[in-house]
Every structure is written in C-alpha cells, then in structure tokens.
Amino acid sequence: MAVFDPRVIDPNLILSRRVGVIGFGSQGHAHALNLRDSGVEVRIGLYAGSPSRTRAEAMGFEVLPVPEVAGWADVIVLAVPDVPMAAIFSREIAPALRARQALVFIHGFNIRYGTIVAPRDVDVLLVSPKGPGPRLRAEYEAGSGLAALIGLHQDAGGGGLDLALSYAWGIGSARALLLATSFREETETDLFGEQAVLCGGIPELVKAGYDTLVEAGYHPEVAYFECLHEAKLITDLLYERGLAGMRSAISETAAWGGLTAGPKVIGPEARASMRELLRAIQDGSFARDWIAENAAGLPHMQRLEAEEAAHGSGAIGAEIRRELGIDPENEQHRKIASQTDP
Ligand SMILES: NC(=O)c1ccc[n+]([C@@H]2O[C@H](COP(=O)([O-])OP(=O)(O)OC[C@H]3O[C@@H](n4cnc5c(N)ncnc54)[C@H](OP(=O)(O)O)[C@@H]3O)[C@@H](O)[C@H]2O)c1
C-alpha cells in the first residue's frame, strides 16, 4: 500500500500560499475552516445570492465572486458540485488563471472524464478526504483527522505532490492516513462504491428486506428495526472491526445465518450487475448519462426520489426515530446523514 509518511510533509508549502475555496457546502466549509485553523489564509468564492454566503460570512470568512478569488489565490479548491463545476471552471476560473497556481480537486470526476482541461502551467492535485465534510471538520476539531487519497494529474513546477501533501496536512488528514492514488482510480472506485454498495446496494437491500417482511404480514415497526435501524449497528462494527470482527461480535446464529444466506442474496446475478456498473463507469457512459440528466433538469432523479420517499419505511421510520429521540434537526447529525457522497 502506498502510504505517505507524514514526517516528510512540509507545512510551510501551504502556510505560505493563499487558498481560495470555491463553494462553501459540505466539503468547502470543512476545508476552509480546517485550513484557517492550521494557519492558512483563506477566502471563499461564491456566486451572487448564494445561500452559503451568510454561513461563510458568519464564520468570519471574506466572501468574493469566484473570478476574484481565482485571481487572488495561489491554490484554488474546487468545492462545488461535480457536474456544474465544468461550466463554473470554464466561465469563471479559467480566465483568471495564471502560471504556477494549483487547482485542488476533492473528487476526480471532471479530470477523469475530460470535462475540465486545465492549462499546462498549473498544478492539478487531488486531495480527497474519505468522508463527508462535517466529519472532516469534526475529526479535526477533536484533534484527529480523516484519511485522504492523494493524486497528481499535472505537475507544472515539480512540487505538485509536496504541495498536495502539505494541503492534506492543512485539512488535518495527515494526522490519519494519506494514500497514493490517481484521478482515474479515485473517480472510478468512488463512483463504484457509492453505486454498488454504499448508496445503491445497501438502501436497496434495506427496502427489499423490509418489503419482504411486511408483505409476509409482520409489523412494519418490527421490519423497520430489523432491516434499517440495525443496519447502523452492523456497519459501525464493520467500520471498527472489519468483517471477521463484526462476525465475532454478533451471535453465533447470526454469524452462521449471515455467512450461509449472504451469497444467496448477493449471488452471481448481483455480481454480474456490479461488473456492469463498473463497465459503465470505466467507459464513461455513466458520466455522460449523469451530465445529460443534469442538463435536462434532473427529471429522472426527481421521479426516483419521489418513489423512494413514498416507500413504506419512510413514515414508520420517522415515527420511530421521533420516539427514540434521533433528532434529524441536530445540525451535525443532519449534515452527516444527508451527504450523497460518502
Ligand atoms: N459531500 C461529500 O461528502 C463529498 C465527499 C467527497 C468528495 N466530495 C466532492 O466535493 C466536491 C464538492 O461537493 P459538496 O458535496 O461539498 O458540494 P455541496 O455540499 O453541494 O456544496 C456546493 C457548494 O458550492 C456552491 N455553489 C454552487 N454553485 C456555485 C457557483 N456557480 N459558484 C460558486 N459556488 C457555487 C454552493 O452554494 P449554495 O449552496 O449557496 O448554492 C455550495 O456552497 C465535489 O467534487 C464532490 O464530489 C464530496
């Protein structure tokens, strides 16, 4: 495993640069706050009328139009959503670029699919923390950090990788683990992970399990606990202990039932579907479809979201979470829970 040694990182590389963070959402706010607390000079770039502006200003940041921040900064962080990012870059960032600036991407989508092509004389760096922005901030505040993937697409002056590592130090990720990757690997594995497992596979498994129990006549409340609520308890064990550790922490019956039933649920057909998803990511057809869906105003996404909102687990779940005091209005909880990109 290619792990960077944090002892070789030079914090002065990022401390001596001006950082412009474009966007102040999940990732942008956490990068900006962590960098500032590490001693880096930071300004925020947002469009006129952006709701994020009030939040950034309330946190003491100077907020300016995107082209101004892009012209002012030595390091420009692209913390806007991936599909609109290409147009924001070409209209508002590219015209302001000058030689020896660095672009920091948090996810490799636009570089991997060629929707952003940076001039040859700027560094193009990937610093991708493995988790949502609020968690990146919370770990930093707690004195630890979130592991990050580090990649280099373009090294204009020969110091790109050192700068990426120094940036990772600034956001606190050097306190955890810095892994070497490429824009291609980060993009393809990230998209695959969220589709096949995290945001596609797991929720679909939850819905299918819940439906199976309710259709068979069991109480929806009990089905909710078994198929959704307890998913957190198991994923917490997976996170903390891995597969074997999770098995050893559950009952022997659960371990036996799980080991024998799992491959029946996720059989050859599901594995073939996963390979098909990966092919669509690798050949660019997923990215093309997603860009087209955005251009059309997200009609399919809205339909699918409405269908899922109507799923039986929705109303019963809201009631149970209220009873249990699981508060969706809790700021930290809400933000972490609402991220689409784990
Ligand atoms: N969310 C995650 O957990 C996560 C994890 C890993 C990587 N990433 C990556 O991080 C990057 C940012 O994603 P995100 O989830 O942090 O985005 P986000 O939460 O949706 O925030 C986007 C920010 O960009 C601002 N914005 C939108 N249009 C803009 C424009 N034209 N000019 C300037 N600012 C604009 C938004 O302002 P308004 O809200 O005021 O419109 C908001 O502050 C993406 O590359 C994503 O793939 C995200």
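Just follow the structure's listing: the first ligand is 1, and inside any ligand the first atom is 1.
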For this session: Answer with yes or no whether the side chains of Thr115 and Asn110 bring together a donor and an acceptor at under 3.5 Å.
Result: yes
Using a 4.0 Å cutoff against the non-hydrogen atoms of [X], which atoms of ligand 1 qualify?
X	answer
Val66	32 (N), 33 (C)
Ser52	36 (C), 37 (O), 38 (P), 39 (O), 40 (O), 42 (C), 43 (O)
Val80	11 (C), 12 (C), 24 (O), 26 (N), 34 (N), 35 (C), 44 (C), 45 (O)
Gly23	23 (C), 24 (O), 25 (C), 43 (O)
Ser50	37 (O), 38 (P), 40 (O)

[X] N/O to ligand 1 N/O under 3.5 Å:
X	value
Tyr47	yes
Glu92	no
Phe24	yes
Pro51	yes

Problem set entry | ligand 1 contact on Ile88 by region, counting heavy-atom pairs under 4.0 Å | side chain
Exercise. Which pairs pass salt bridge (charged side-chain N to carboxylate O under 4.0 Å, His left out) with one or both residues in residues 107-122, sequence neighbours excluded?
Worked result: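 Every salt bridge (charged side-chain N to carboxylate O under 4.0 Å, His left out) pair that includes a residue of residues 107-122, provided the two are not neighbours, is Arg112-Glu188.
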For this session: Taking the side chain as every heavy atom from C-beta outward, state whether Asp74 and Arg98 have any atom pair closer than 4.5 Å.
Result: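 Side-chain contact under 4.5 Å: yes.
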Exercise. Does Met85 have a heavy atom less than 4.0 Å from any atom of ligand 1?
Worked result: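 Judged by the 4.0 Å heavy-atom criterion, Met85 does count as contacting ligand 1.
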For this session: Could you establish whether Ala79 and ligand 1 come within less than 4.0 Å of each other, counting only heavy atoms on the residue side?
Result: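 In this structure, Ala79 qualifies as a contact of ligand 1 - some heavy atom is under 4.0 Å.
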For this session: Rounded to the nearest 0.5 Å, what's the gap from CD1 on Ile9 to CG on Leu178? Could you check?
Result: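 With rounding to 0.5 Å, CD1 (Ile9) is 5.0 Å from CG (Leu178).
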Exercise. Of Val127, Asp82, Ile106, Asp190, which has the heavy atom at the shortest distance from atom 46 (C) of ligand 1?
Worked result: Asp82
Exercise. Around Glu269, counting heavy atoms of other residues, nucleotides and ligands shown, do more than 12 lie under 6.0 Å from its CD?
Worked result: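 It does not: Glu269 CD has 12 such atoms or fewer within range.
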Exercise. Heavy-atom count around Glu308 CD within 6.0 Å, excluding the residue itself: above 12?
Worked result: no
Problem set entry | Six-ring centre of Tyr140, Arg175 cation under 6.0 angstrom, axis tolerance 45° |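 Judged by the rule, Arg175 and Tyr140 form a cation-pi pair.
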For this session: Return the orientation label for the Tyr167 and His31 ring planes: parallel under 30°, perpendicular over 60°, tilted otherwise.
Result: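 It falls in the tilted class, 30° to 60°.
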For this session: Take the angle between the ring planes of His229 and Tyr224 and call it parallel below 30°, perpendicular above 60°, tilted in between.
Result: tilted
